[in-house]
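The structure appears below as structure tokens.
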Amino acid sequence: MKTILFIFLTIYISSCSDRQGEKPFAITKPLTDTVLKHDTVYINNQYNWQEGFGLTHDQEVDSIWFKPVKFYIDNPKCSPIAIDFYMGTFRPTDNRTTEALLKLVTTDDSNLRPFYRWCLNKTIQIQDGALAEYTGIPARQYAEKYPTDFFEYMDIDTTLEKYKGWVSSISYSGYYENEDYRDAASIRKRITSIMKQNCKNCSIELQNRIDKLGEKCFQ
């Protein structure tokens with residue numbers, strides 16, 4: 001009996017030691033019947049938290065912003081966290097990993113930005129109260145930095161559900177990092193001013209839409 005117990009402990013300790021060298025956020029495909037750790041989140045692949053996303057997880061079949069997912073994933077600069085999000089092995093929650101993922105939406109890399117924007121949009125779709133505290137700032141910063149792209153992205157959804165979700169997120173936590181986040185008039189003026197400054201060849205119609213966005217987000 002002691003011999004069996006010694007063998008079991010030896011195998012267990014060896015297994016733990018081998019796992020210490022694993023790199024986080026390096027999953028690029030789903031693993032069957034396993035539980036994966038990301039920051040403080042465990043995802044069991046038998047639980048489909050991406051239900052309703054319309055994904056096959058075939059990188060050549062699934063598309064994001066008119067390009068196959070393979071286009072983004074094959075990019076050597078693509079964030080492993082975003083890849084894990086797509087594959088379903090990382091589910092956003094209220095932690096630092098989620099914060100890091102959502103910040104990617106304002107990248108200067110125009111090739112990867114649609115992929116990161118998709119990650120933020122899907123996070124907004126599944127968010128609860130705690131997670132909603134993480135989506136507002138990146139959503140607002142994306143709208144501010146890329147106002148023309150923002151409205152183009154919103155307009156592709158004729159149901160307006162996407163627009164409502166983003167407005168709700170920006171309104172809820174879009175200025176949490178500022179002390180005057182409760183001053184609606186001040187932050188409304190700020191977001192519209194920044195968006196107009198970054199709006200290249202901004203038409204009157206687009207300027208009016210920016211004003212309406214500010215009013216909806218910060219009443």
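Atom CD1 of Ile83 sits about 9.5 Å away from atom OG1 of Thr89, to the nearest 0.5 Å. Ser186 OG to Tyr175 OH: the interatomic distance, rounded to the nearest 0.5 Å, is 8.0 Å. Put simply, CG on Asp149 and OG on Ser110 are 9.5 Å apart, with the number rounded to the nearest 0.5 Å. The distance from atom CZ of Arg113 to atom CG of Leu104, rounded to the nearest 0.5 Å, is 12.0 Å. Between Phe151 atom CZ and Glu205 atom CD the span is 10.0 Å, to the nearest 0.5 Å. Here the SG atom belonging to Cys78 is positioned 10.5 Å from the CZ atom belonging to Phe71, to the nearest 0.5 angstrom.
In terms of heavy atoms, Leu206 sits closest to Cys202 at CB-SG, 3.8 Å. Minimum interatomic distance between Ile64 and Pro114 (heavy atoms only, all atoms of both residues): CG2-O, 3.7 Å. Residues Met195 and Ile210 share a closest heavy-atom pair of CB-CG2, 3.8 Å. The heavy-atom pair separating Pro138 from Leu120 by the smallest distance is C-CD2, 4.1 Å. The two residues Pro92 and Ile126 make their nearest non-hydrogen contact at CD-CD1, 4.3 Å. Phe90 approaches Leu101 most closely through the heavy-atom pair CE2-CD2, 4.0 Å.
Lys196 pairs by the salt bridge (Lys or Arg N to Asp or Glu O under 4.0 Å) definition with Asp211, not counting sequence neighbours. Annotation: salt bridge (Lys or Arg N to Asp or Glu O under 4.0 Å) contacts of Glu215 (sequence neighbours excluded): none.
In this structure, the side chains of Thr98 and Lys103 stay at 4.5 Å or more apart for every pair of heavy atoms. Between Glu60 and Val69 the shortest side-chain heavy-atom distance does not fall below 4.5 Å. Counting heavy atoms from C-beta outward, Gln125 and Asn121 have side chains that approach closer than 4.5 Å. Looking at heavy atoms from C-beta onward, Asp155 lies in side-chain contact with Arg209 at the 4.5 angstrom threshold. In this structure, Thr135 and Leu102 have side chains that are in contact, with non-hydrogen atoms separated by less than 4.5 Å. Using a 4.5 Å heavy-atom threshold, the side chains of Asp128 and Leu131 count as touching. Asp94 places a side-chain heavy atom less than 4.5 Å from the side chain of Tyr134. Taking the side chain as every heavy atom from C-beta outward, Leu112 and Tyr116 approach each other to under 4.5 Å.
No side-chain donor-acceptor contact under 3.5 Å links Ser173 and Glu133. Judged purely by distance below 3.5 Å, without hydrogens or angles, the side chains of Tyr72 and Asn111 never pair a donor atom with an acceptor atom. A side-chain N or O of Thr159 and one of Asp157 form a donor-acceptor pair less than 3.5 Å apart. Side chains of Arg117 and Tyr153: no donor on one and acceptor on the other come within 3.5 Å.
A donor-acceptor contact shorter than 3.5 Å is absent between the side chain of Arg188 and the backbone of Gly214. Remark: side-chain polar atoms of Ser63 are not paired, donor with acceptor, to backbone N or O of Phe66 under 3.5 angstrom. At distances below 3.5 Å, not a single donor-acceptor pair connects side-chain atoms of Ser168 with backbone N or O atoms of Lys164. For Ser169 (side chain) and Gly165 (main-chain N/O), a donor-acceptor pair under 3.5 Å exists by modelled atom type. The backbone N or O of Ala139 lies less than 3.5 Å from no partner atom in the side chain of Trp166, so there is not a single donor-acceptor pair. Under the 3.5 Å distance criterion, the side-chain polar atoms of Thr192 are matched with a main-chain donor or acceptor of Lys189.
Electrostatic pairing of Arg140 and Glu144 counts as a salt bridge here, judged by a charged N lying under 4.0 Å from a carboxylate O.
Hydrophobic clustering keeps Ile137 apart from Ile194 (ILVMFWY residues linked when any side-chain heavy atoms are closer than 4.5 Å, directly or through intermediates). In the hydrophobic cluster analysis, where Ile, Leu, Val, Met, Phe, Trp and Tyr join through side-chain heavy atoms closer than 4.5 angstrom, Leu55 is grouped together with Met87. Hydrophobic clustering of Ile, Leu, Val, Met, Phe, Trp and Tyr side chains at less than 4.5 Å, counting indirect connections, keeps Val61 apart from Trp118.
The side-chain tip of Lys122 points at the ring of Phe53 from less than 6.0 angstrom away and within 45° of straight on.
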### Query
Is there a side-chain hydrogen bond (donor to acceptor under 3.5 Å, both in side chains) between Gln141 and Thr106 once you walk through the steps?
CA-CA 7 Å; Gln141 290 176 338; Thr106 55; 4.9 Å; no

### Stepwise side-chain hydrogen bond (donor to acceptor under 3.5 Å, both in side chains) test for Asp62 and Tyr86
CA-CA 10 Å; Asp62 295 334; Tyr86 162 72; 2.6 Å; yes

### Task
Determine, stepwise, if the pair Lys145 / Asp108 fulfils side-chain contact (heavy atoms from CB on, under 4.5 Å).
CA-CA 10 Å; Lys145 189 172 182 179; Asp108 292 329; 2.7 Å; yes

### Query
What's the verdict on side-chain contact (heavy atoms from CB on, under 4.5 Å) for Phe85 and Arg91, showing C-alpha distance, side-chain angles and the deciding distance?
CA-CA 6 Å; Phe85 178 95; Arg91 186 192 192 285; over 6 Å; no

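In summary, the aromatic rings of Phe115 and Trp65 are positioned with their centroids too far apart to meet the 6.0 Å limit.
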